[in-house]
Asker: 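Dropping a structure here in C-alpha cells format, bear with me for questions.
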Amino acid sequence: MTFTTRFAPSPTGPLHLGHAFSAMLAYDLAMAVDGVFLLRIEDIDQSRARAEWEQQIYDDLHWLGLTWPEPVLRQSDNLAAYDAALDTLWARGLLYRCDCNRRDIEAAATAPQEGAPLIGPDGLVYPGTCRRKHPRIGPRPRGAALRLDMSAALDTTHKDMTFRDNADQPRIRIVQPQTAITHIGDVVLARRDMGTSYHLSVVVDDAAQHITDVVRGKDLSDATDIHVILQHLLGLPTPIYHHHRLIRDDTGKRLAKRDDARAISKYRGDGASPDDIRAMVGLPVKPA
Ligand code: GLU
C-alpha cells in the first residue's frame, strides 16, 4: 500500500510554526518513501472558516515548497458523505438527540452527587442527561445535535481495538472500552449548527482518501481513541498514527491558532526563507 498522508488545516486563522512543522514532517515522511502527501481543508465550521485563510494556506504551503495533488478535498463539499455515515449509525440505534447547551452540561457534570467532573478529549464528559429522553427510531433528526451512545456502541464492536502509534517510541495502543465510556463518553457526532463534527468527518475522509498514515500533533492523541472506535463502528480501516511533538513558544506554551506573531506569513514578510522555518522547528534542512 502506498504511504499516503495528509495535512488537514482548518481555514480559521493563519498557519503558524506549529502547522509548518506538521505539514513539512508529513511531507518529508511521504517523500522519503515515494508516498503521497494530500492537503485537505477542514472547513465544516462555516461560522469561522474564511476564503482568505484558505487562500493563505495554499500560499504558505507552496512557499514552504510543498506540493499536493489537485483537487483538494474541502469538507464543506463533502457533507453528503458525513450524512451517510450518520445514517448508518442512526439506523443501528447508536445515536441520540441531545438538546443540552454548554451550561446544562456544566451544571449536570459538576452536581455534587456526580463527584469530580471528568475532562475528556472534547471537554467535560457528557453526563448522559438526554441519553434516554428521545426516541431513537424514525427519521434521523436534522438540525439537532446527535451524540454517540458510547456504551451501546462499544457493545457492538470488536473487543480488541488497537492501533499503531508512532509517537516518540513506536508502540501499539489499545483502546480500552471501559476507559472510553468513563473518560470520553457520549461524544457529539453531529453538531446542531453544522450537521457533522470534526471526529466524524476526519474518520470518513481519512478512509475515503485512503490515508495510511496520519501525521498530527500530540494534542490530538486522545482524540485518536474516538477515531479508532468510529472506524470500527463504520467498518473502516485504521491508519497508522504519528503523534508528533508540539512546537512551543519561549514560555513553553503550545502555539495557538491566534498566535499571529508566529504566523508563517509574518516570518515570510520579515525575509525568512523556507529553510529558516525548517531550522526553527527542528527539521533537517535539505541540501540545495
Ligand atoms: N483540522 C484539524 C486542526 O486544524 C486537524 C485534524 C487532524 O489532523 O486530524 O487541528
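Atoms within a ligand are numbered from 1 in the order they appear, just like the ligands themselves. The basis for the numbers below is simple: all heavy atoms, side chains too, and nothing from hydrogens, waters or symmetry mates.
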Asker: Enumerate the atoms of ligand 1 whose separation from the nearest heavy atom of Arg216 is less than 4.0 angstrom.
Answerer: 7 (C), 8 (O), 9 (O)
Asker: What are the atoms of ligand 1, with element, lying closer than 4.0 Å to any heavy atom of Ser10?
Answerer: 1 (N), 4 (O)
Asker: Could you see which bit of Phe7 sits under 4.0 Å from ligand 1, with heavy atoms only: side chain, backbone, both or neither?
Answerer: neither
Asker: Is any NZ, NE, NH1 or NH2 atom of the basic residue among Arg6 and Asp205 found under 4.0 Å from an Asp or Glu carboxylate oxygen of the other?
Answerer: no
Asker: How would you list, by chain and number, every residue that makes a side chain to side chain donor-acceptor pair (under 3.5 Å) with Trp68, sequence neighbours excluded?
Answerer: Glu70
Asker: What's the separation between atom CZ in Phe37 and atom CG in Leu61, rounded to the nearest 0.5 Å?
Answerer: 6.0 Å
Asker: Using the six-membered ring of Tyr198, assess whether NZ or CZ of Arg191 lies under 6.0 Å from its centre and within 45 degrees of the ring axis.
Answerer: no
Asker: Look up atom CE in Met194 and atom CG in Asp43, then write down how far apart they are to the nearest 0.5 Å.
Answerer: 10.5 Å
Asker: Report, in ascending order of atom number, the atoms of ligand 1 lying under 4.0 Å from any heavy atom of Val202.
Answerer: 9 (O)
Asker: Only pairs at least two apart or in different chains count here, so list each ring-ring contact (aromatic ring centres under 6.0 Å, His included) that has a residue in residues 119-152.
Answerer: none
Asker: Show which atoms of ligand 1 fall inside a sub-4.0 Å distance from at least one heavy-atom site of Glu42.
Answerer: 1 (N), 2 (C), 5 (C), 6 (C)
Asker: Does Val214, backbone or side chain, put an N or O under 3.5 Å from an N or O of ligand 1?
Answerer: no
Asker: Is it true that Arg6 lies under 4.0 Å from ligand 1, counting heavy atoms only?
Answerer: yes
Asker: What are the atoms of ligand 1, with element, lying closer than 4.0 Å to any heavy atom of Tyr198?
Answerer: 6 (C), 7 (C), 9 (O)
